[in-house]
There are 2 protein chains.
Amino acid sequence: MATIYDIAKKANVSPMTVSRVVNNSGKISEKTREKVEKIIEELNYIPNNAARSLTLKQSKILSLVITDITNPFYTKVARGAEDKAKQMGYRLLLSNSDESFEKESEYVDMLISSGVDGVLMAPSGDESQKNLKTLIKNRIPFVLIDRHVKGIDCDLVMGDSYQGTRQLLEHLIGQGHSKIALINGPTNVSTAREREKAYFEILRLAGIEADKKLAANISYMQNDSYKFVKNLISLPESKRPTAIFAANNFIAINTIKSLRQLNVRVPEDIAVVCFDDPDPIPDFNPFLTIAAQPAYNFGYMGIQLLIERIEGNGPAEKQKVILPPEIIIRSSSLKK
Amino acid sequence: MATIYDIAKKANVSPMTVSRVVNNSGKISEKTREKVEKIIEELNYIPNNAARSLTLKQSKILSLVITDITNPFYTKVARGAEDKAKQMGYRLLLSNSDESFEKESEYVDMLISSGVDGVLMAPSGDESQKNLKTLIKNRIPFVLIDRHVKGIDCDLVMGDSYQGTRQLLEHLIGQGHSKIALINGPTNVSTAREREKAYFEILRLAGIEADKKLAANISYMQNDSYKFVKNLISLPESKRPTAIFAANNFIAINTIKSLRQLNVRVPEDIAVVCFDDPDPIPDFNPFLTIAAQPAYNFGYMGIQLLIERIEGNGPAEKQKVILPPEIIIRSSSLKK
DNA sequence: TATTTTTATGTTATGGGTAACATTTATAAT
DNA sequence: ATTATAAATGTTACCCATAACATAAAAATA
């Protein structure tokens, strides 16, 4: 592969002149520019990014750390991030943390050594603080999406868990439900924490006495709701919930699968609602009532904030972008 | 950021010794190893990949070029690719070509200058030949997934379009269908070509006279089947198809949406089958009858072949891995 | 024409790591 | 004790591009 020296020799100029032609920097006469450009073309020269990164200390590569690209929510985030990154001349490294702090740590080390210019991360939880501090120590800018992390002040793009929870619960309450269970993610994740807080608060405001036994925290990843669902179902009629609020799409799906196994019908016997669409294409299975978050924009705006931070042309203070959810009412919560 | 020289100075050894500790190469006494490792820990040293790439001429970065990360098929491919890449110590750059040759070209240029070690690509179509030749010229190894490209001999991992088509069609025929429409992708994509060929062949073998008017090619991306579906529906009863074979998941979904708009019920009025699951989680919407391809393995094995090629420890001849589909019969093709 | 200013180009050093070779130190063999 | 051998560590040069500084050539001004 041709280097800048090959070009220089053949064009009878110094490597520096070639560099200037390639980067369109400094002053070069039209004559030499043409001469050099011709030879660049001829030898099919493509700049060596590693060498460039080494001197310039920037790679034009960003990293996207999400928990699972298999979840349509993150899939849309990735798509938005990709589109914006490409538009701005950056490339995107993909990492799946699987909601695991350890895996996230491994990736963070890899990223630092890769010399990425910045990181867009959906943190695995509050322990991520450690990883983020590693990024800070290595002066790698980052933006958080979907979740914030205790003790870290940074740019972030997230949804409004309170509003989403409120809309979903008010809808259920409007449908006559008062025994509403919550199947939530782990409380070391900010969204889960906020949804839980909102859940109790909104029930209280609606004059419904929340039963702590109806709320559970399960892992977003293993996401095994069967045991808890079975417990719920076997409660005496007076205690048994008539609706379930699942913290996210995969929990909801899993919950519905558990219900099916237990021969409980949705929505006839029990209503189910959740955050985020489990389907990649909306309106194909118009079944689940959801608080749909603008996932594409999480990614798109996240990358935008990140690049502003990297290039230093944004506001000095950290930006917090809160994108509201849109409630979509479908049959999983409607009495037939 | 700490460099190998910082470590060396503090540990009172040469940078080379540090390098040897880091890479576990050459011989080092247990004593120095421990001493150096302690300081590496202390200073939080992380190797600089750019520098490494520059000398070693390898970046440990691979590129995944797919057409749309939003499609669960590619989502699973990406997941498999990611997992294998991580396991082998590589990172993955993500690119969405949107089935567009031009976009793919842009990405290929970007990739080359990024200095990726290899490319795993689902090509946009036969024109991709040009992009692949660019890769060859720059000596960047690549592996194709899902689709092959005319005139390019390389490692590849793909499904068995013939078998999948056969299984789907035989199932439909077994259900008593003889007027079966085909809504296919564009013929410059190998899978579409092969599915079309298989479609006509299998109908012929089954003694069914195929009606060319029942077959259409639409774009995988815009994927607007409405007009064609409407045409099908308005055919006289004697000609009207009783089943539709859609070439992929998104075409199938779109087709079903079109059918709904036209008040045609699936499967009561018309059966629909296709390749690949449109749902990220199987068994949640057990609706569509599909020929499910092992997408995760496309990615996983693709990366494996790619790394073998890169590291030169695989067989010299190009490998063609054909992964068979699994037919999953669900209600979209079953008479109630 | 001599001098200053501007424009165009070149030289040197550097970024962080490693291969290849050189040297020192420890261990084994005579 | 002496030499041969192996093990541990060090030195030097290079990978490729560019920033910072230096110089030569051309244009503008006195």
Side-chain angles (χ1 to χ4, degrees), chain A residues 1-37 39-40 43-61 109-117 138-140, chain B residues 1-40 43-61 89 112-117 138-140 311:
Chain A
M1 211 167 129
T3 75
I4 224 167
Y5 292 88
D6 302 329
I7 311 291
K9 192 182 288 180
K10 199 152 184 182
N12 231 305
V13 296
S14 76
M16 199 56 223
T17 302
V18 180
S19 170
R20 283 192 262 255
V21 170
V22 172
N23 297 294
N24 229 303
S25 63
K27 328 217 164 201
I28 330 116
S29 71
E30 208 35 54
K31 205 166 10 139
T32 33
R33 148 160 282 128
E34 271 165 26
K35 182 173 59 173
V36 170
E37 268 168 355
I39 294 174
I40 285 177
L43 298 195
N44 234 300
Y45 167 75
I46 293 178
N48 179 321
N49 229 266
R52 226 181 216 169
S53 298
L54 191 56
T55 31
L56 299 185
K57 285 154 189 316
Q58 52 133 292
S59 59
K60 290 280 180 181
I61 294 181
D109 283 356
M110 280 176 119
L111 297 176
I112 292 171
S113 101
S114 300
V116 299
D117 292 344
N138 287 83
R139 288 196 207 77
I140 297 182
Chain B
M1 206 169 132
T3 75
I4 222 166
Y5 293 88
D6 303 329
I7 311 293
K9 193 181 289 179
K10 198 151 185 184
N12 231 304
V13 294
S14 75
M16 199 56 224
T17 301
V18 180
S19 170
R20 283 192 261 254
V21 171
V22 171
N23 296 294
N24 229 302
S25 63
K27 329 216 164 200
I28 329 117
S29 70
E30 210 33 56
K31 207 170 5 145
T32 33
R33 148 159 283 128
E34 271 164 28
K35 181 173 59 174
V36 171
E37 268 169 355
K38 206 174 121 249
I39 293 174
I40 284 176
L43 298 195
N44 237 300
Y45 167 76
I46 293 178
N48 179 322
N49 228 264
R52 227 180 216 171
S53 299
L54 192 56
T55 31
L56 299 185
K57 285 154 190 318
Q58 51 135 290
S59 60
K60 291 279 180 181
I61 294 182
I112 292 172
S113 96
S114 301
V116 300
D117 292 343
N138 289 83
R139 286 195 209 78
I140 298 182
E311 303 186 345

Using OP1 and OP2 only, check whether a side-chain N or O of N23(A) sits under 4.0 Å from dT18(D). yes
Of dC15(D), dA20(C), dT11(C), the nucleotide closest to the side chain of S14(A) is dT11(C)
| request: Give a yes or no answer on whether the side chain of D117(B) reaches the backbone of Q58(B) with a donor-acceptor pair at less than 3.5 Å. | output: no
- Message: If you compare every side-chain N and O of Y5(A) against the phosphate oxygens of dC14(D) (OP1, OP2), does one of them come in below 4.0 Å?
- Response: no
Residues passing the side-chain hydrogen bond (donor to acceptor under 3.5 Å, both in side chains) test with E311(B), sequence neighbours excluded, are Y90(B)
Can a donor-acceptor pair under 3.5 Å be found between the side-chain atoms of R20(B) and the base atoms of dG17(C)?
no
Assign each of G26(B) and V22(A) the nucleotide of DNA chain D bearing its closest heavy atom; nearer the 5' end lies the nucleotide of G26(B)
Over all strands shown, is T32(B) touching base, sugar-phosphate only, or nothing at heavy-atom distances under 4.0 angstrom? sugar-phosphate
Atom CD of E30(A) and atom C1' of dT9(C) are separated, to the nearest Å, by 16 Å
**Study point:** Backbone N/O of G115(B) and side chain of S59(B): donor-acceptor pair under 3.5 Å
**Key:** yes
note: L56(A), atom CG; dC16(D), atom P; distance rounded to Å ~ 16 Å
**Asked** When you check the phosphate oxygens OP1 and OP2 of dG17(C), does a side-chain N or O of S19(B) lie under 4.0 Å from one of them?
**Response** no
When the rotation axes relating C1' atoms of four end pairs to the next four are compared across the helix from dT1(C)-dA30(D) to dT30(C)-dA1(D), five pairs an end, they differ to 10° by 40°
Item checked: Intermediate values then yes/no, salt bridge (Lys or Arg N to Asp or Glu O under 4.0 Å), E34(B) and K38(B) -> CA-CA 6 Å; E34(B) 271 164 28; K38(B) 206 174 121 249; over 6 Å; no
Between CG of L54(B) and P of dT14(C) the distance, given in whole Å, is 17 Å
*asked:* Tell me whether N138(A) contacts the main-chain N or O of I140(A) through its side chain, where contact means a donor paired with an acceptor under 3.5 Å.
replied: no
Hey, does T55(A) reach any base, or is it just sugar-phosphate, or nothing, if we go heavy atoms under 4.0 Å? base
Does a nitrogen or oxygen in the side chain of K27(A) sit under 4.0 Å from OP1 or OP2 of dT7(C)?
yes
5'-most contact on DNA chain D (nearest-nucleotide basis), A51(B) vs T17(B), goes to T17(B)
Separation of dC16(D) atom P from I7(A) atom CD1, nearest Å, is 12 Å
Between Y45(A) and A2(A), the two heavy atoms sitting closest are CD1-O, 3.2 Å
Point to revise | S114(A) and N49(B) side chains, donor-acceptor separation under 3.5 Å | key: no
Quick note, T3(A) side chain, CB onward, closest among dA19(D), dG17(C), dA17(D) is dA17(D)
N48(A) atom CG is separated from dA17(D) atom C1', nearest whole Å, by 8 Å
| request: Give V13(A) one of three labels, base, sugar-phosphate or nothing, depending on what nucleic acid heavy atoms sit under 4.0 Å from its own. | output: sugar-phosphate
### Task
Output yes when at least one side-chain N/O atom of K31(B) is less than 4.0 Å from OP1 or OP2 of dA8(D), else no.
no
Is a side-chain donor or acceptor of D6(A) paired with a backbone partner of T3(A) at a separation under 3.5 angstrom?
yes
With the side chain defined as heavy atoms from C-beta on, R52(A) is closest, among dA20(D), dA17(D), dG17(C), to dA17(D)
Between NZ of K57(A) and C1' of dA17(D) the distance, given in whole Å, is 13 Å
When rounded to whole Å, the CD to C1' distance for the pair Q58(A) and dG15(C) reads 14 Å
To the nearest angstrom, the CE-P distance between M16(B) and dC21(C) comes to 13 Å
What does I28(A) touch in the nucleic acid at a heavy-atom separation under 4.0 angstrom: a base, only the sugar-phosphate, or nothing?
sugar-phosphate
